[in-house]
Student: 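Right, I'll just put the structure down here and ask away after.
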2 protein chains.
Amino acid sequence: MSRASDKAYSQIRELIISGDLAPGEALGEEALAEMCGVSRTPIREALRRLEADMLIRKTESQRSYVSDWSLDDVHDVFELRAMLEGHAARRAADLMDDAVLKALKMHNTRLGEAVSSDPPNVEEFLARNREFHALILRTAASPRLEILLQTLIEQPVIWRTAHHYEVSELVRSHQEHDELIAAFERGDGPWAEAIMTGHIRRAFHAYSDAHQEMMAAETDQEKKRA
Amino acid sequence: MSRASDKAYSQIRELIISGDLAPGEALGEEALAEMCGVSRTPIREALRRLEADMLIRKTESQRSYVSDWSLDDVHDVFELRAMLEGHAARRAADLMDDAVLKALKMHNTRLGEAVSSDPPNVEEFLARNREFHALILRTAASPRLEILLQTLIEQPVIWRTAHHYEVSELVRSHQEHDELIAAFERGDGPWAEAIMTGHIRRAFHAYSDAHQEMMAAETDQEKKRA
DNA sequence: GCGTTCCTTATTGTATACAAAATCGACCCG
DNA sequence: CGGGTCGATTTTGTATACAATAAGGAACGC
């Protein structure tokens, strides 16, 4: 983490995830270098990594842009997540132990509290949700599965939209986590897989709704300007 | 493809896949640069890409080595392939059209001929097998699924070992492809998925057997030397 | 003899300069 | 006025030099 390229990577990544660098925006190497206070060499390394993360794309002429995802793209990603995380849940059910189970319960309890509070603490919800899923993934004990899923999960479009989910979706999410925990306690892999797959698919619908809401809001603003 | 980094990437990649660069071997940037006739800068770009392909790994101190895969690692990869290609097969069954179906039949016919010839044409078998699976994958119409699977499929350990499969395994593979085609003709997604998943899992067993055979052969050679 | 410390050497990380390529705009021609 | 070509400018690709860091080995003390 001490290397300049790592620093640049984190910095640019944060800018993309926060939305300061908007989807479709051009990323000039020199400009980024000046912004990060390093030369172009580590910037280029960082851009390669961001490209592997699918956070940026390169045109045929090698210019870099922040990735812009269509709804179809996001749907594609959620379908893959549903399958991969379902697989992870099934494996995790076989390999589950008491310590992990206890940690899962703790995270989901805190997640439930975050949802119940008034107003709901969405940041806390997202953090606990993240930990919950990460723990299951780690329990599945497949290093490559973790790598594959990481690039699918860490997508800014999804994270940004998550702040606009309906409260009812958060509640449902909490309940489904409990069902997962129950499946783990019984060591029922197929059941855990089925719940997880549905859980992710419903998360896509929550995303889709929130996304359309946001789009509509933007259109309204444009109308006001005109 | 005209860029030096692309040239270096292909060149090093070929050396790894062919086995000229053995698993575990150290990859010094300067040595590679001299070998490829370019400077270290494009070499570094190439190494990043090879790392993303999981063809090389980097130690904590950032030195690069050719990936060495344990049997467990390979098993992990095959399990993921079984799931992902199974998913692809199910989707492909829904999206299948006559042109693709015809192409699949053609590839499998040629594959069968390669297996039946005496001696069996393993190169041809592998090429047709590759095309067959790639075609199904493309028909599934999920760009990200293709990306995820690519890194799992293009692994030199697997390709090298493939040349030592038993003929009976090649015959079975041919038959299973026919069953897949039948499932596609009926538009039966779940069936196609089940066949594909089993197909890949059995391919792992073929790999495992061939691998042990090769290990035993190596041990014999060592004994002869002593 | 074993382990430790320090120094030498090899290797990777970064900055800079320059070359190659692409984009954009002005200008000209039809 | 539209289209296309050429050139100026921007942007990316590569080479090289140097700095930082890690590996390997010799000398030293225990």
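Below, read A as the first sequence line, B as the second, and so on, with proteins coming before strands; counting in each chain starts at 1.
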Student: Can you check whether Ser5(A) has a side-chain N or O nearer than 4.0 Å to OP1 or OP2 of dT14(C)?
Tutor: yes
Student: Figure out the CD/P separation between Glu30(B) and dT21(D), and round it to whole Å.
Tutor: 19 Å
Student: If you apply the rule ring-ring contact (aromatic ring centres under 6.0 Å, His included), what do you find for His199(B) with His133(B), and how did you get there?
Tutor: CA-CA 11 Å; His199(B) 179 58; His133(B) 284 263; 5.3 Å; yes
Student: Just the rounded figure in Å: distance from C1' of dA20(C) to CZ of Arg63(A).
Tutor: 12 Å
Student: Honestly, is Arg144(B) close enough over Trp69(A), meaning NZ or CZ under 6.0 Å from the six-membered ring centre and within 45° of the axis?
Tutor: yes
Student: At 4.0 Å (heavy atoms only), tell me whether Leu47(B) reaches a base, stays on the sugar-phosphate, or touches nothing.
Tutor: nothing
Student: How many whole angstroms separate atom CD of Glu29(B) from atom P of dT11(C)?
Tutor: 10 Å
Student: Can you measure Leu32(B) atom CG to dT11(C) atom P for me and round it to whole angstrom units?
Tutor: 11 Å
Student: Could you tell me whether Arg40(B) and Glu30(B) have a side-chain N and a carboxylate O separated by less than 4.0 Å?
Tutor: no
Student: Please report the distance, rounded to the nearest Å, between CZ in Arg3(B) and P in dT11(D).
Tutor: 17 Å
Student: Classify Thr41(B) by what it touches in the nucleic acid, base, sugar-phosphate, or nothing, heavy-atom distance under 4.0 Å.
Tutor: base
Student: To the nearest angstrom, how far is Arg44(A) atom CZ from dG13(D) atom C1'?
Tutor: 6 Å
Student: Would you call Glu131(A)-Arg110(A) a salt bridge at under 4.0 Å N-O?
Tutor: no
Student: Which is more 5' along DNA chain C, the nucleotide nearest Glu60(A) or the one nearest Ser64(B)? Just name the residue.
Tutor: Ser64(B)
Student: Reckon Arg40(B) touches a base, only the sugar-phosphate, or nothing at all at heavy-atom distances under 4.0 Å?
Tutor: base
Student: Return the 5'-most residue of the pair Gly28(B), Ser39(A) with respect to DNA chain C, ranking by each residue's nearest nucleotide.
Tutor: Gly28(B)
Student: Between Glu193(B) and Arg91(B), is there a side-chain N and carboxylate O pair less than 4.0 Å apart?
Tutor: no
Student: Nearest whole angstrom, please: distance from the P of dT14(C) to the CD of Gln62(B).
Tutor: 9 Å
Student: Starting at atom CG of Leu27(A), determine the distance to atom P of dT12(D), rounded to an integer number of angstrom.
Tutor: 9 Å
Student: When all nucleic acid strands are considered with a 4.0 Å heavy-atom cut-off, which category describes Ile43(A): base, sugar-phosphate, or nothing?
Tutor: nothing
Student: With a 4.0 Å limit, can you tell me whether Ser61(A) has a side-chain N or O closer than that to the phosphate oxygens OP1/OP2 of dT11(D)?
Tutor: no
